[in-house]
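Working notes, structure below.
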Amino acid sequence: MQIRAPRGTADIVPPDSSSWQRVERCMQETAELFAFQEIRFPIFEHTELFERGVGETTDIVSKEMYTFNDKGGRSVTLRPEGTASCVRALVEHGLYGGVLPVKWYYGGPMFRYDRPAAGRFRQFHQFGAEVFGSQEPSVDAEVIHLMIEIMNRLGLRDYELHMNSVGCPQCRQVFRERLLDFLEPVKDDLCQDCSARRERNPLRVLDCKVPKCQQAISGHPVMLDSLCEDCRSHYERVKAILAHHGTGFIQDDRLVRGLDYYIRTTFEVHLPAIGGASAVGGGGRYDGLVRELGGPDLPGIGFAFGMERLIGALGSQEAKEQEGPLFIALFDSDYELEADLMLARLRRAGFKAERDLNGRSPKAQMKYADKIKAPLVLMIGSDEIAGGFYTVKNMRQGGQNQVESVRILEECRRVIDNIREASK
RNA sequence: GUGGGUGUAGCUCAGUUGGUUAGAGCACCAGAUUGUGGCUCUGGGGGCCGUGGGUUCGAGUCCCAUCAUCCACCCCA
């Protein structure tokens with residue numbers, strides 16, 4: 001039987017790979033403009049890092065981890081997300097003792113053993129950023145604005161920024177109790193799932209889509225009303241900064257993220273147009289995580305984008321009209337060496353260029369040049385060799401000239417400029 | 001993890017109440033007077049019909065299993 005890519009994984013083949021390159025470059029450049037620096041960390045870590053960092057009650061840790069024992073008997077896990085590794089690296093290198101805040105970005109594959117669905121994979125890719133060492137609301141806004149800026153630069157306009165504050169452990173406890181009090185009298189009206197959720201994680205009940213649950217919980221208490229004074233003023237300040245920048249957002253009382261470490265500000269970016277899994281990125285503040293992983297009490301905040309979802313959304317609105325390489329048509333195989341010299345000259349001058357590698361007929365070479373969208377073709381044959389020139393054909397506008405060898409590069413540049421000018 | 005749909009050439013799909021060598025469009029390759037693309041025409045290569053069982057004289061067509069994929073739930077990126 002034929003070997004296929006494992007369930008939930010996917011190859012990224014041309015021309016899709018060039019979309020990926022473009023998006024990755026955009027994210028890196030934007031993060032650099034915001035003065036973030038790249039960090040790279042292992043694709044697998046000690047299992048304990050995620051158990052402690054992400055939280056043992058989360059779905060990610062309790063049932064979605066790619067965990068195995070290596071040959072030394074250590075339990076290791078393919079990283080399901082990036083934040084825990086960033087924190088580990090920060091602590092491991094003692095960087096909390098240096099210049100603060102530390103602003104990092106990263107990208108690469110993540111792994112979660114989940115059932116694949118639209119926009120959900122077992123190996124997927126994230127681009128994320130983290131800031132350590134400041135609990136100012138301005139950092140929350142900066143991180144959110146980095147996300148927004150990336151969305152804008154990618155040309156994705158119809159996004160929604162959802163925001164909420166989940167408070168600190170103290171006020172969350174207050175809210176939890178209020179919510180439990182609220183749910184007690186209506187518990188018999190809830191669906192089965194929610195009855196179970198009510199005990200384990202009552203906040204999730206708010207997110208249930210079953211109509212009768214929504215009906216039963218109408219008028220439920222919201223987190224915002226239970227925030228302590230510090231959490232409230234922090235969140236108000238974050239919102240004020242966003243408003244000052246004209247950044248619109250939707251207050252989403254039910255935005256309760258699935259990772260245990262979040263406190264205070266949480267946010268998600270949605271693209272409603274892609275349906276089902278509309279969240280293309282999300283994040284929040286996680287003061288306390290650094291300490292939890294053995295470091296000092298250093299605040300942190302970050303986000304991650306889901307590359308597949310983002311690029312999937314982009315694909316539908318992006319008509320990629322890429323310019324192909326210059327092509328050298330070799331009309332007489334006796335002059336193969338001359339053609340190769342010319343090819344090298346073009347490439348050294350910075351032109352993307354290639355020639356026929358399949359021994360095709362002249363006609364077939366021209367067809368090929370057309371298929372690869374070559375803007376121009378340099379023809380080399382006995383006439384050219386005898387006359388000491390090359391024939392340069394403009395494949396977009398038609399027409400061809402005989403050009404002496406020393407003026408070739410100049411002519412190529414001229415033709416390409418003409419074509420580009422005309423296509424504007 | 002739960003429920004449902006789908007699985008025929010590289011891609012999008014047709015395949016009649018199960019019946020002989022499985023089709024189309026696009027793509028690919030080659031020709032249409034000798035060194036020239038895009039249009040048109042002609043020809044060609046390529047499928048053990050996802051895989052494994054079963055029913056039958058006979059299965060792409062029916063049944064079961066399995067794998068993959070999609071949708072919803074769940075969860076999130």
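In what follows, every chain begins at residue 1, and chains take the letters A, B, ... in the order their sequences are listed.
At whole-Å resolution of the value, NE2 in A:His162 and C1' in B:rC76 are 14 Å apart. Taking atom CG on A:Asn358 and atom C1' on B:rC28, their separation rounds to 12 Å, with Å as the unit. The interatomic distance linking A:Ile60 (CD1) with B:rC75 (C1') rounds to 9 Å, in whole Å. Here B:rC75 presents its P atom at 12 Å from CD of A:Glu268, a figure rounded to the nearest Å. Rounded to an integer number of Å, the gap from A:Phe50 CZ to B:rC76 P is 17 Å. As rounded to whole Å, 15 Å separates atom C1' of B:rC76 from atom CZ of A:Phe267. For the pair A:Phe111 CZ and B:rC75 P, the computed distance is 24 Å after rounding to whole Å. If you measure from atom CZ of A:Arg79 to atom C1' of B:rA77, you get 14 Å, rounded to the nearest angstrom.
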Using a cut-off of 4.0 Å between protein heavy atoms and nucleotide atoms, how would you tag nucleotides 29-41 of chain B 5' to 3' with B, S and -? SS----BBBB---
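Between A:Phe132 and A:Tyr286, the angle of the ring planes goes over 60°, which puts this pair in the perpendicular group of the 30/60° scheme.
Evaluation of atom-type donor-acceptor distances gives a pair under 3.5 Å for the side chain of A:Arg120 against the base of B:rG1. Put simply, the side chain of A:Arg7 and the base of B:rU69 share no donor and acceptor less than 3.5 Å apart. With hydrogens and angles ignored, a donor-acceptor pair under 3.5 angstrom links the side chain of A:Arg115 to the base of B:rG3.
Across all strands, A:Gly8 comes closer than 4.0 Å only to sugar-phosphate atoms, never to a base (heavy-atom distances). Within the 4.0 angstrom heavy-atom criterion, no nucleotide atom of any strand lies near A:Gly128.
Judged purely by distance below 3.5 Å, without hydrogens or angles, the side chains of A:Thr265 and A:Asp140 pair a donor atom with an acceptor atom. A:Tyr390 and A:Asn401 are not linked by any side-chain donor-acceptor pair at a separation below 3.5 angstrom, with hydrogens and angles left out of the test.
Both tests pass for A:Arg360 against the ring of A:Tyr368: distance under 6.0 Å to the centre and angle within 45° of the axis.
The side chain of A:Gln126 lies closest to B:rA77 when the candidates are B:rG3, B:rA77, B:rA68. Distance from the side chain of A:Pro116 is smallest to B:rU69 among B:rU69, B:rG1, B:rC75. In the set B:rC75, B:rA72, B:rC76, the nucleotide with an atom closest to the side chain of A:Arg309 is B:rC76.
In terms of heavy atoms, A:Ala84 sits closest to A:Leu49 at O-CD1, 3.7 Å.
Rounded to whole Å, the separation between the P atoms of B:rG4 and B:rG23 comes to 36 Å. The C1' atoms of B:rU21 and B:rC28 are separated by 24 Å, rounded to the nearest whole Å.
The 12-atom threshold is exceeded at CZ of A:Arg347, counting heavy atoms of other residues, nucleotides or ligands nearer than 6.0 Å.
Taking a pair as Watson-Crick or G-U wobble with both distances under 3.5 Å, the runs of three or more consecutive pairs in RNA chain B are B:1-7 with B:67-73, B:10-13 with B:23-26, B:28-32 with B:40-44, B:50-54 with B:62-66.
For A:Gln123, the side-chain hydrogen bond (donor to acceptor under 3.5 Å, both in side chains) test picks out no residue, with sequence neighbours left out.
Aromatic pair A:Phe127/A:Tyr106: ring centres not closer than 6.0 Å.
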